Amino acid sequence: MGVFADVWAQLWASMLDNKGKLTASGGFLVGIILTLTFKDLYPDLEHSFQKRIRKLRHQDVRHPLPGQPDYVRLEDHTRKASKAVIDKTDARRSQAPDEKLISVGIEGLIGNTPLFKLRALSEETGCEIFAKAEFLNGAGNSPKDRVALSMINMAEEEGLLKPDRGDTVYEGTVGSTGISLAAVCRARGYKAYICMPNDVATEKSDLLLKLGATVERVKPASIVDQDQFVNLARRRAQEHTDDPNRPGRGIFADQFENTANYLAHQSSTGPEIYAQTNGQLDVFIAGAGTGGTISGVALALKPLLPQMKVVLADPQGSGLYNKIKFGVMFSPTEAEGTRRRHQIDTIVEGVGVNRLTQNFSAGMDLIDDAVKVSDEQAMRMARWLVEKEGLFVGASSAVNCVAAATIARQEGPGKRIVTVICDSGNRHLSKFWKAAGEIGGQDVEFTLDEILEFKG
């Protein structure tokens, strides 16, 4: 023992300098000695740690599931960004882009649109109000992109359309479906022939012409009139097919009755909303022209969320509000199927109709409520959205937002509501926005409550 002490004393003295401080080499030796001394304690420390973990695993520690209030999803954006940079660098080196990340044609830009929170509208109502940004679809910039692609795909599968043989798709529309068809048809090797009322905003027909479509504008008429724009498109398609001197054939898209319409939203829009909200949704709100969007989304979401409400947003001059509320199709401005519809009925384009279509009927029984929106409310909401949200929307989108705010007030704070922003105000400059007026540098002159209370 005495010998060991002498050795230790000599070793310790060698690690100190003249002033008695530990030298660098001495510190290194001390580290080695301590490591060798305590190495036998490591298994005990590890055993103690594992024992504690096993004990915690048997305790009732609750973790909130996705969608629950306390659930927190951790995302490492740094790693994602780094991976994106690496992937981009590797792709550049190999000159072989990742096909999974690149769309093919404009068809690849249709669907998977963002869902974003309307911040000001949510703050004003105490609810979470989200908008499905359908104006970001990449062909015709509206939800009709989904419909156009679905109808063309179905016609191709049935052998009715074949690219580059002169086939032409005919449709009667107030604008958005025609624009989507014109874009997708050109991408697929077809032509588009669009019949539309002559009171529709002129920028829509101008855009159709720029997209290579043939446009025939006709006087507004009731659906019972053979020269009504939808009936005319059907007849023009048949005339094309019957003419032996014209290449290809004519196909009537028939967006109002073609079930490819609502099926497009049932298979894509609805599931996207469910995924984006993580299945936490109280109300879905949309208008109805053909009825494809509201029916398709309702058919997709109601089986998964039976307590969710589906609400129709209906403009003045339309009879669908009364059909949902009272079971009878009726509009004060037009007896069902007997009168022509005049401009003074409503300045809103794209939604509102006075007959039951097959697409609307497909999901009508799933619609729980309806909100009637006046033209004045829609115009005021459009101005309010520019001022408060920086959003420049079209007429039907303004109607949807009025209905969303109305339902939020009725339901009370805390509800999660989803509606649709269909298209930009750029397509409504000469009609809806001309009536809504210039905003310029002015501040909006009315509150949200004043918008909802004003019936015009």
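Quick caveat, the model's predicted, so the values are computed rather than measured.
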Practice prompt. Identify whether the distance between the nearest side-chain nitrogen and carboxylate oxygen of Arg380 and Glu450 falls below 4.0 Å.
Written response: no
Worksheet entry | Arg119 atom CZ, neighbour heavy-atom count above 12 within 6.0 Å | no
Worksheet entry | Any side-chain heavy-atom pair of Met364 and Ile324 under 4.5 Å | yes
Worksheet entry | Separation of Asn137 CG from Ser176 OG (nearest 0.5 Å) | 11.0 Å
Response to the item:
Heavy-atom closest pair (Gly394 atom, His428 atom, distance to 0.1 Å) is CA-CD2, 3.4 Å
Worksheet item: Taking the side chain as C-beta and beyond, is there a heavy-atom pair between Ile179 and Lys144 under 4.5 Å?
Response: no
Discussion item. Distance check, rounded to the nearest 0.5 Å: Phe392 atom CZ versus Ser397 atom OG?
Written reply: 11.0 Å
Discussion item. What verdict does the side-chain contact (heavy atoms from CB on, under 4.5 Å) test give for Phe284 and Val420, after you've listed the backbone C-alpha separation in whole Å, the side-chain angles of each residue and the deciding distance to 0.1 Å?
Written reply: CA-CA 9 Å; Phe284 174 73; Val420 181; 4.0 Å; yes
Worksheet item: What's the verdict on side-chain contact (heavy atoms from CB on, under 4.5 Å) for Leu281 and Tyr274, showing C-alpha distance, side-chain angles and the deciding distance?
Response: CA-CA 8 Å; Leu281 177 60; Tyr274 184 84; over 6 Å; no
Worksheet item: Are Leu161 and Val169 side-chain neighbours, meaning at least one heavy-atom pair lies under 4.5 Å?
Response: yes
Discussion item. Has Glu134 got a side-chain atom pairing as donor or acceptor with Ile421's backbone, closer than 3.5 angstrom?
Written reply: no
Practice prompt. Evaluate the side-chain contact (heavy atoms from CB on, under 4.5 Å) criterion for residues Lys162 and Arg249: first the C-alpha distance (whole Å), next the side-chain angles of each, then the deciding distance (0.1 Å), finally the verdict.
Written response: CA-CA 9 Å; Lys162 291 185 179 180; Arg249 63 183 300 173; over 6 Å; no
Worksheet item: Quick one: does NZ or CZ of Arg236 land under 6.0 Å from the six-membered ring centre of Tyr170, within 45 degrees of the ring axis?
Response: no
Worksheet item: If every non-hydrogen atom of Thr277 is compared with every non-hydrogen atom of Val418, which pair is closest and at what distance?
Response: CG2-CG2, 4.0 Å
Discussion item. Using every non-hydrogen atom in the two residues, find where Asn261 and Gly292 come nearest and quote the distance to one decimal.
Written reply: OD1-CA, 3.3 Å
Item to complete: Please report the shortest heavy-atom distance between Phe360 and Leu320, naming the atom on each side.
Response: CE2-CD2, 4.0 Å
Worksheet item: Is Val351 close to Pro315 at the side-chain level, that is, under 4.5 Å between some pair of heavy atoms?
Response: yes
Worksheet item: Distance-only, no hydrogens or angles: does the Arg234 side chain make a donor-acceptor pair with backbone N or O of Gly172 under 3.5 Å?
Response: no
Worksheet item: Salt bridge or not for Lys415 and Glu128, using N-O below 4.0 Å?
Response: no
Discussion item. With heavy-atom distances below 4.5 Å as the criterion, would you say the side chains of Leu136 and Pro114 are in contact?
Written reply: yes
Discussion item. Can a donor-acceptor pair be found, under 3.5 Å and without considering hydrogens, that links the side chain of Thr241 to the backbone of Ala237?
Written reply: yes
Worksheet item: Would you call Asp199 and Arg217 a salt bridge, using N to O less than 4.0 angstrom?
Response: no
Worksheet item: So, does Asp254 use its side chain to make a donor-acceptor pair with the main chain of Glu171 at under 3.5 Å?
Response: no
Discussion item. Quick check on side chain to side chain contact (heavy atoms under 4.5 Å, CB included): which of Val373, Leu121, Val386 does Met381 satisfy it with?
Written reply: Leu121
Practice prompt. Classify the side-chain pair Asn153/Glu157 by whether it contains a donor and acceptor separated by less than 3.5 Å.
Written response: no
Item to complete: To the nearest 0.5 angstrom, please state how far the OG1 atom of Thr214 sits from the OH atom of Tyr193.
Response: 6.5 Å
Worksheet item: Going from CD1 on Ile285 to CG on Leu312, what distance comes out if it is rounded to the nearest 0.5 angstrom?
Response: 10.0 Å
Item to complete: Step by step, work out the side-chain contact (heavy atoms from CB on, under 4.5 Å) result for Lys323 and Leu356.
Response: CA-CA 9 Å; Lys323 183 65 177 176; Leu356 290 180; 3.7 Å; yes
Worksheet item: Between the side chains of Ser295 and Asn359, is a donor N or O closer than 3.5 angstrom to an acceptor N or O?
Response: no
Discussion item. Please determine whether a side-chain nitrogen of the Lys or Arg among Lys372 and Asp314 lies less than 4.0 Å from a carboxylate oxygen of the Asp or Glu.
Written reply: yes
Item to complete: Determine whether the side chains of Tyr190 and Glu156 contain a donor N or O and an acceptor N or O closer than 3.5 Å.
Response: yes
Fill in: Expected output: side-chain Glu216 to main-chain Met196 donor-acceptor under 3.5 Å
no
Discussion item. Tell me whether the count of non-hydrogen atoms from other residues, nucleotides or ligands lying under 6.0 Å of NZ in Lys191 goes above 12.
Written reply: no
Worksheet item: Looking only at side chains, do Ser268 and Arg146 share a donor and an acceptor under 3.5 Å apart?
Response: yes
Worksheet item: Are Asp145 and Ser180 linked by a side-chain donor-acceptor pair shorter than 3.5 Å?
Response: yes
Discussion item. For a 4.5 angstrom cut-off between non-hydrogen side-chain atoms, does Ile251 reach Thr168?
Written reply: no
Discussion item. Less than 4.5 Å apart, side chain to side chain, heavy atoms only: is that true for Thr125 and Leu448?
Written reply: yes
Practice prompt. May I ask you to say whether Lys204 pairs ionically with Asp423, meaning some side-chain N is under 4.0 Å from a carboxylate O?
Written response: no
Item to complete: Would you kindly say whether Thr113 and Lys132 are connected by a side-chain donor-acceptor distance under 3.5 Å?
Response: yes
Discussion item. Tell me whether Gln228 contacts the main-chain N or O of Val230 through its side chain, where contact means a donor paired with an acceptor under 3.5 Å.
Written reply: yes
Item to complete: Please confirm whether the backbone N or O of Asp375 pairs with a side-chain atom of Gln316, one donor and one acceptor, at under 3.5 Å?
Response: yes
Worksheet item: Under a 4.0 Å N-O cut-off, is there an ion pair linking Arg188 with Glu107?
Response: yes
Discussion item. Just verifying a value: how many Å separate Gln410 CD and Asp369 CG, rounded to the nearest 0.5 Å?
Written reply: 6.5 Å
Worksheet item: Can you tell me if Thr177 and Gln255 form a side-chain donor-acceptor pair at under 3.5 Å?
Response: yes
Worksheet entry | Donor-acceptor contact present, side-chain Asn258 to main-chain Ala260, <3.5 Å | yes
Item to complete: Would you mind telling me which of Asp225, Asn198, Val200 makes a side chain to side chain contact (heavy atoms under 4.5 Å, CB included) with Pro220?
Response: Asn198
Item to complete: Decide whether Ser430 and Glu203 meet the rule of one side-chain donor and one side-chain acceptor closer than 3.5 Å.
Response: yes
Worksheet item: Do Trp384 and Glu124 have side-chain heavy atoms sitting under 4.5 Å apart?
Response: yes
Worksheet item: Does Trp433 reach the main-chain N or O of Val393 with its side chain, forming a donor-acceptor pair under 3.5 Å?
Response: yes
Worksheet item: Roughly how far apart are Lys117 NZ and Ser122 OG, rounded to 0.5 Å?
Response: 5.0 Å
Worksheet item: Between Asn400 and Gly287, what is the shortest heavy-atom contact and its length?
Response: OD1-N, 3.0 Å
Worksheet item: Asn354 side chain to Gly319 main-chain N or O, any donor-acceptor pair under 3.5 Å?
Response: yes
Discussion item. Less than 6.0 angstrom from the centroid, inside 45 degrees of the normal: does Arg427 satisfy that with respect to the ring of Phe432?
Written reply: no
Fill in: Closest non-hydrogen atom pair between Val297 and Ile273, with its separation
CG1-CD1, 4.2 Å
